[in-house]
There are 2 protein chains.
Amino acid sequence: MDQSGRPSERESEAALPNKSAVPVSLVTIKAACSQCSLHELCISEGLGKEELAKLDSLVGARRKLKRQQNLYRAGDPFEALYAVRTGFFKTDVLLEDGRDQVTGFQMAGEILGMDGIGTEAHSCNAVALEDSEVCVIPFAQLEQLSREIQALQRNFHKVMSRELVRDQSLMMLLGTMRAEERLAAFLLNMSQRFTARGYSPAEFHLRMTREEIGSYLGLKLETVSRAFSRFQEEGLIAVQQKHIRLLDGEGLKRLLNARPR
Amino acid sequence: MDQSGRPSERESEAALPNKSAVPVSLVTIKAACSQCSLHELCISEGLGKEELAKLDSLVGARRKLKRQQNLYRAGDPFEALYAVRTGFFKTDVLLEDGRDQVTGFQMAGEILGMDGIGTEAHSCNAVALEDSEVCVIPFAQLEQLSREIQALQRNFHKVMSRELVRDQSLMMLLGTMRAEERLAAFLLNMSQRFTARGYSPAEFHLRMTREEIGSYLGLKLETVSRAFSRFQEEGLIAVQQKHIRLLDGEGLKRLLNARPR
DNA sequence: CTGCCGCTTTGATCCATGTCAATACGATAA
DNA sequence: TTATCGTATTGACATGGATCAAAGCGGCAG
């Protein structure tokens, strides 16, 4: 279904009316960090009451996106960061020759758009994998405010740094792990992130296709599918399409630490 | 020579006297951004005279490292960033099971240590690949000063963001490219970075071994060596050990853009 | 100069994953 | 209900890179 540059994605994109700079889905409901349940995951973490009020005034609007809609595209001018409120995103990079790769999946409380700061333009595409909502954080104002609020400055730096560390792990995965290790690492990571958000650690719904998982893990979709089947045979997980149950998390971890060869 | 966790590296490490927290090579010569020729590559880029003076007072000391010496290790408490003044570094991550991977090579003007901000501890090792010198930038003071100097804040954010984008490219490389494409990308990247520092774009000396290149590119050293040989046969480059001459940069670029299969 | 050691090159073989192809499944629309 | 379309599974086969092994090379210490 892929091969020639994701025709399906392009088509579904084209089918959506939102090609203009001002998306139809930009709603004016103000975000309110002070009210937000994602506190401890977001850049608002640990701020005092007064500081939260300031942050509220900065975080502009929320923006709603439908499944398959782009939050931004590679090349778009960079203006704001986005905090995922609800839903699920992927980021991907497209090479001139048509090859692309998913570089990350983002869920509630995670920040999107930091790739754009360095060049003032986004370097990847961000796409909603289900109907989603983000808080828009105008970057100039974030910098302004983080010059005033030390804790905010620190939070922001930490978020960026953790992203660097996350990238390191992904490099490690892509550079040294075999297919089944990669998938085990992926599942454990998903589980851990769902858990941190109060969902079941052992049962979840994947929002992405096998192809997207494969792209993220540097594998072909058939390899991902086979690894899922193998895990199921071995009683490590129960798979039913996108619904996953982890039956033996320890077993998955063991798979990771087993020296290759 | 690898397989069991880089014994050679460990040995050469052990041979060095510097295992203590205070390295023998910590010299007290003050760094001076205002005098530094790496301006346009470093976080001091674009600062005014007065601002540079403030930065000078912040940038603590320089620190000299001998070949194979660690600038920091995974787990070390994070206190400062380091700007490479002279020399050449690698960063690498070590998995519990002994596998490791080089996550980057750093040269003059590039910043090391940002991985530590998020957790207050470094997440990788930084090792000098030749005798080197860094400027020590105490992080708390950098944050302090970047609350005062907008341009410094902006520079720092840009440096971090560019690191994120660099990581994206590396993921792309590790996830989608074949061996020869990876090596071509690596050589072109080296050339470009040497060029930006005023060295010859077509002729340079690699400071790292084939094994380190392979680790960085997700390949085995034999594969790297074979790719070098192939490039030489095809007249793209001239290799003599670590000395590389690019004979046909365009040819290398073509290799990159050629769709695989 | 000689010998050693780390690094590199090259060859032969193996295997994990990619590729190609057929089929199955599940949701949605007609 | 049936047709359709995107997605997922499974099988057969091909292949790029890993692995194992053997020289070759160059620098450094004695």
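Convention: sequence-line order gives letters A, B, ...; per-chain numbering from 1.
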Describe the nucleic acid contact of Gly218(B) in one word from base, sugar-phosphate, nothing, applying a heavy-atom distance below 4.0 Å. sugar-phosphate

Please confirm whether any donor atom in the side chain of Glu222(A) sits under 3.5 Å from an acceptor in the base of dC20(C), or the reverse. yes

Would you mind reading off the distance between Gln68(B) atom CD and dG6(C) atom P, rounded to a whole angstrom? 12 Å

Where the side chain of Thr209(B) is defined as all heavy atoms beyond and including C-beta, which of dT17(C), dT8(C), dA18(D) is the nearest nucleotide? dT8(C)

If I take atom CD in residue Glu211(A) and atom P in nucleotide dA8(D), what distance separates them, rounded to the nearest angstrom? 9 Å

Given that Gln240(A) and Val224(A) both sit by DNA chain C, which one's nearest nucleotide is further toward the 5' end? Val224(A)

Grab the CZ-C1' distance between Arg230(B) and dG11(C) for me, whole Å please. 14 Å

Asp92(A) and Asn125(A): side-chain hydrogen bond (donor to acceptor under 3.5 Å, both in side chains), yes or no, with the steps? CA-CA 5 Å; Asp92(A) 64 4; Asn125(A) 306 295; 3.3 Å; yes

Residues Phe105(A), Phe89(A); criterion ring-ring contact (aromatic ring centres under 6.0 Å, His included); working and verdict: CA-CA 6 Å; Phe105(A) 298 109; Phe89(A) 287 81; over 10 Å; no

I would like to know whether Thr103(A) and Thr91(A) meet side-chain hydrogen bond (donor to acceptor under 3.5 Å, both in side chains); could you show each step before the answer? CA-CA 6 Å; Thr103(A) 54; Thr91(A) 46; 2.9 Å; yes

For Glu110(A), the option from Arg166(A), Arg197(A), Arg162(A) that meets salt bridge (Lys or Arg N to Asp or Glu O under 4.0 Å): Arg197(A)

What contact category does Ser229(B) fall into here, base, sugar-phosphate, or nothing, at under 4.0 angstrom with non-hydrogen atoms? sugar-phosphate

Starting at CG of Leu221(A) and ending at C1' of dT7(D), how long is that distance when rounded to a whole Å? 9 Å

Atom-to-atom span, CG of Leu217(B) to C1' of dA18(D) - whole angstrom: 15 Å

When the distance from CZ of Arg210(A) to P of dT10(D) is rounded to whole Å, what number comes out? 11 Å

Flag side-chain contact, heavy atom, 4.5 Å: Phe228(B) against Arg210(B): yes

Write down the distance between CD (Gln241(B)) and C1' (dT9(C)), rounded to a whole number of angstrom. 10 Å

Could you tell me whether a side-chain N or O of Asp76(A) sits under 3.5 Å from a main-chain N or O of Arg73(A), the two making a donor and an acceptor? yes

Please tell me if Lys220(A) has a side-chain N or O lying less than 4.0 Å from either OP1 or OP2 of dA16(C). no

Write down the distance between NE2 (His243(B)) and P (dT8(C)), rounded to a whole number of angstrom. 15 Å

Below the 4.0 Å mark, does dT9(C) have OP1 or OP2 next to a side-chain nitrogen or oxygen of Ser225(B)? yes

I'd like a table of atom pairs between the protein and nucleotides 12-15 of chain C - only N or O on both sides, under 3.5 Å - with the distance next to each one.
from, atom 1, to, atom 2, distance (Å)
dA12(C), N6, Arg226(B), NH2, 3.4

Crowded around Phe194(B) CZ? As in, over 12 foreign heavy atoms under 6.0 Å? yes

